[in-house]
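Because the structure is a prediction, the values reported are computed rather than measured. Letters A, B, ... are given to chains in the order of the sequence lines, protein chains preceding strands, and every chain is numbered from 1.
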There are 2 protein chains.
Amino acid sequence: MGITRTDLFTKEQNEIALFAKCLAHPARVAILEHLLQKNECVNSTLVLELGLAQATISQHLKELKNAKIIQGTIEGNSMNYCINPVIWKKIKEKFNNIFDQHICCGGNDCC
Amino acid sequence: MGITRTDLFTKEQNEIALFAKCLAHPARVAILEHLLQKNECVNSTLVLELGLAQATISQHLKELKNAKIIQGTIEGNSMNYCINPVIWKKIKEKFNNIFDQHICCGGNDCC
DNA sequence: AAAGTTTATCGTAATATTGCAATATACAAA
DNA sequence: TTTGTATATTGCAATATTACGATAAACTTT
């Protein structure tokens with residue numbers, strides 16, 4: 001590469017990029033969708049459901065956890081993850097903030 | 001790595017990941033924001049504004065173009081890019097489709 | 001035609017990401 | 001204690017991404 005030049009961009013731009021990166025892999029999209037539907041998320045279940053190795057799932061969960069999108073609680077000897085509602089809302093707002101900046105044809109819904 | 005196992009996921013999940021990847025770099029976020037605000041986007045202007053090399057900007061524009069998020073028209077001997085409104089709307093919908101699946105506290109806005 | 005301007009592409013180097021086997025860690029149950 | 005179950009971490013190997021200088025290509029201007 002060369003390392004990403006985060007110094008050239010605003011904190012906001014870098015933050016959006018980090019959140020987008022969490023959604024930038026189909027496995028993480030699948031994990032989040034599973035989490036949203038079942039309102040629970042256990043590594044071993046995902047291994048069966050997604051077909052990726054346990055270590056790989058664990059790594060993806062770690063990334064989502066690092067971004068604070070999900071948070072885990074110990075349940076017996078397994079780990080149960082759930083969406084962090086505060087961050088989730090924040091992401092939704094940040095993304096829509098960008099999406100809604102596009103004024104198409106003076107605001108008509110022509111497209 | 002090992003190549004991303006797109007075969008394990010749905011077309012929809014892979015597509016969302018691809019769109020997210022476009023937003024997963026601060027330079028591309030900055031480019032899109034510039035485009036949204038000025039409603040135009042010329043490589044040489046971005047070089048001055050962002051501080052990245054011309055080749056680097058061109059590469060980021062290419063990625064956005066590949067995803068069909070932007071489209072370019074020749075203007076004199078420069079290239080002017082604009083948002084593709086159809087794809088933009090599609091992305092917004094796909095993302096919000098996911099964002100809105102999170103039911104917090106039975107729909108109250110407690111968080 | 002020659003020189004200038006602008007974008008795209010190529011080649012290369014550095015770094016990041018993805019995937020998984022193997023192992024470590026933690027707790028349950030027998 | 002031993003065995004079983006579940007997640008995290010480590011250590012690779014392979015691939016992708018990012019960045020930029022150097023060209024190439026296309027068009028404008030002089």
Check: A/Ile69 main-chain N/O paired with A/Trp88 side-chain donor or acceptor under 3.5 Å: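 Answer holds: no.
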Do the side chain of B/Asn97 and the main chain of B/Glu93 share a donor and acceptor less than 3.5 angstrom apart? no
Those residues that, when tested against [X], pass side chain to side chain donor-acceptor pair (under 3.5 Å) (two or more places apart):
X: B/Asn39; result: none
X: B/Gln101; result: none
X: A/Thr6; result: none
X: B/Gln59; result: none

For DNA chain D, find the residues of residues 66-78 of chain A with a heavy-atom distance under 4.0 Å and give them by number; none if there aren't any. A/Asn77, A/Ser78
Sub-4.0 Å heavy-atom contacts from residues 39-62 of chain B onto DNA chain D, ordered by number: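 Close to the strand are B/Leu52, B/Ala53, B/Ala55, B/Thr56, B/Gln59, B/His60.
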Per the side chain to side chain donor-acceptor pair (under 3.5 Å) rule, what does the pair list look like for residues 64-74 of chain A, sequence neighbours excluded? A/Lys65-A/Tyr81
Nearest whole Å is fine: how far is [N] [atom2] from [X] [atom1]?
X: B/Ile3; N: C/dG19; atom1: CD1; atom2: C1'; result: 11 Å
X: A/Glu63; N: D/dA8; atom1: CD; atom2: C1'; result: 14 Å
X: B/Met79; N: D/dA25; atom1: CE; atom2: C1'; result: 13 Å
X: A/Leu18; N: C/dA16; atom1: CG; atom2: P; result: 13 Å

Residue matched to C/dT7 through Watson-Crick or wobble contacts both under 3.5 angstrom: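 D/dA24 is the nucleotide pairing with C/dT7.
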Both distances under 3.5 Å, Watson-Crick or G-U wobble: report the partner of C/dG19, or none.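 C/dG19 is paired with D/dC12.
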Listing request: all salt bridge (Lys or Arg N to Asp or Glu O under 4.0 Å) pairs with a residue in residues 12-36 of chain A, at least two apart in sequence or in separate chains. A/Glu12-A/Lys94, A/Glu15-A/Lys90, A/Glu15-A/Lys94, A/Arg28-A/Glu63
Please identify each residue that fulfils ring pair (Phe, Tyr, Trp, His ring centres under 6.0 Å) with A/Phe19, with sequence neighbours left out.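 Listed in chain order: nothing, the list is empty.
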Using a 4.0 Å cut-off on heavy atoms, which residues in residues 20-34 of chain B reach DNA chain C? List them by number, or say none. none
Under the side-chain contact (heavy atoms from CB on, under 4.5 Å) test, which residues partner A/Asp7, sequence neighbours left out? A/Arg5
Just to confirm, is there a sub-4.0 Å distance from OP1 or OP2 of C/dA8 to any side-chain nitrogen or oxygen of B/Tyr81?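 Yes, B/Tyr81 has a side-chain N/O under 4.0 Å of OP1/OP2 on C/dA8.
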For residues 41-57 of chain B, run the donor-acceptor check on the side chains, cut-off 3.5 Å, and write out each pair with its distance to 0.1 Å, sequence neighbours left out.
unit_1: B/Glu49; atom_1: OE1; unit_2: B/His34; atom_2: ND1; d: 3.2
unit_1: B/Glu49; atom_1: OE2; unit_2: B/His34; atom_2: ND1; d: 3.0

